[in-house]
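Inspection log for the structure reproduced underneath, given as structure tokens.
Both backbone and side-chain heavy atoms feed into the values below; hydrogens, waters and symmetry mates do not.
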Amino acid sequence: MSPALHARLNVVLVDVEPDTGAWCPAALEAAITPLTRCVTVTHYLGHPAAMEEVTRICRERDPHLIEDISHSYLSTPNGRRVGTFGDICVGSMQDRKSWPAGECLFSAVRPQWRERALPAGHYRGRALLLEDPELAAFGETELGLRMRMHPPAAVVGLANAEGLVERLSARRALPERLSLGLQGPSGVRAPGCGLASAWVDGS
């Protein structure tokens, strides 16, 4: 939420599906107005959002789509990796995430969006590498909000990429076991473990 506040944007929260915690497409569509500039989808706890519906809504209503894959690295709804549906992909990689690196990742389908994001997260150094001359003029005085990955963190991230599939499989087994155990008692609704096959395909 802090990047939105820094950009002086209003944040509108949207309801999620009760069995997965993933975004409810109907609630998203109802929340979008002519003032909506972007939609940020978080694929929560390994359960990808219904991205076919979400992308359709964004195409028809015109806001940009940002995917937060912090909780769902390698999840594959309908065989397609999370982070590849939207205009921008972000992901936290702090030490408690399944893919730790200490910082975060960012990718965008348009180079100019990367150029704009770079001075927000950096100052001097990398900000001086901007190719856009209008942005490069402010390379010495950019925001430096620390929303970026530095080179040592990238090294840690590459090292922790090894064995990621195995770690995700081990993490998946715990909530699946919990969900199965909660199916018996009346009045208790277990998380939707039926979607677990979408978490990671091992490729």
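Residue pairs satisfying the ring pair (Phe, Tyr, Trp, His ring centres under 6.0 Å) criterion with at least one member in residues 25-46, sequence neighbours excluded, are listed as follows: Tyr44-His71. For residues 26-36, there are no side chain to side chain donor-acceptor pair (under 3.5 Å) pairs, not counting sequence neighbours. Under the ring pair (Phe, Tyr, Trp, His ring centres under 6.0 Å) criterion, the residue pairs touching residues 74-116 are His64-Trp113, Tyr73-Trp99, with sequence neighbours excluded. Each salt bridge (Lys or Arg N to Asp or Glu O under 4.0 Å) pair with one or both residues in residues 58-79, not counting sequence neighbours, appears once here: Arg56-Glu60.
Looking at every heavy atom in both residues, Cys58 comes nearest to Pro63 through O-CD, 3.6 Å. Between Cys104 and Ser92 the shortest heavy-atom distance is CB-CA, 4.2 Å. Between Asp132 and Glu115 the shortest heavy-atom distance is N-OE1, 2.7 Å.
Note: Ser98 OG to Arg171 CZ = 5.0 Å, rounded to the nearest 0.5 Å.
When Asp87, Val39, Ile88, Thr42 are each tested for a side-chain contact (heavy atoms from CB on, under 4.5 Å) with Ile66, only one passes: Ile88.
In this structure, Arg114 places its CZ atom where only 12 or fewer heavy-atom neighbours from other residues, nucleotides or ligands lie under 6.0 Å away. A 6.0 Å sphere centred on CD of Gln112 holds more than 12 heavy atoms belonging to other residues, nucleotides or ligands. Applying the 6.0 Å contact sphere to CD of Gln94 captures more than 12 heavy atoms from other residues, nucleotides or ligands.
Contact check for Pro100 versus Val156: no side-chain heavy atoms found under the 4.5 Å cut-off. A 4.5 Å side-chain heavy-atom check between Leu28 and Glu53 finds every atom pair outside the cut-off. You'll find the side chain of Cys89 reaches within 4.5 Å of the side chain of Leu105, heavy atoms only. The shortest side-chain heavy-atom distance between Val41 and Leu65 falls under the 4.5 Å cut-off. For the pair Val14 and Cys24, the minimum side-chain heavy-atom distance is 4.5 Å or more. When side chains are defined from C-beta on, Glu17 counts as touching Pro25, because their heavy atoms get closer than 4.5 Å. When side chains are defined from C-beta on, Leu74 counts as touching Val165, because their heavy atoms get closer than 4.5 Å. Here the side chains of Val82 and Pro77 are in contact, with some heavy-atom distance below 4.5 Å.
Looking only at distances, a side-chain donor or acceptor of Ser72 sits under 3.5 Å from a matching main-chain atom of Gly46.
A search for side chain to side chain donor-acceptor pair (under 3.5 Å) contacts involving Thr84 returns Arg80, not counting sequence neighbours. For Glu166, there are no side chain to side chain donor-acceptor pair (under 3.5 Å) partners, not counting sequence neighbours.
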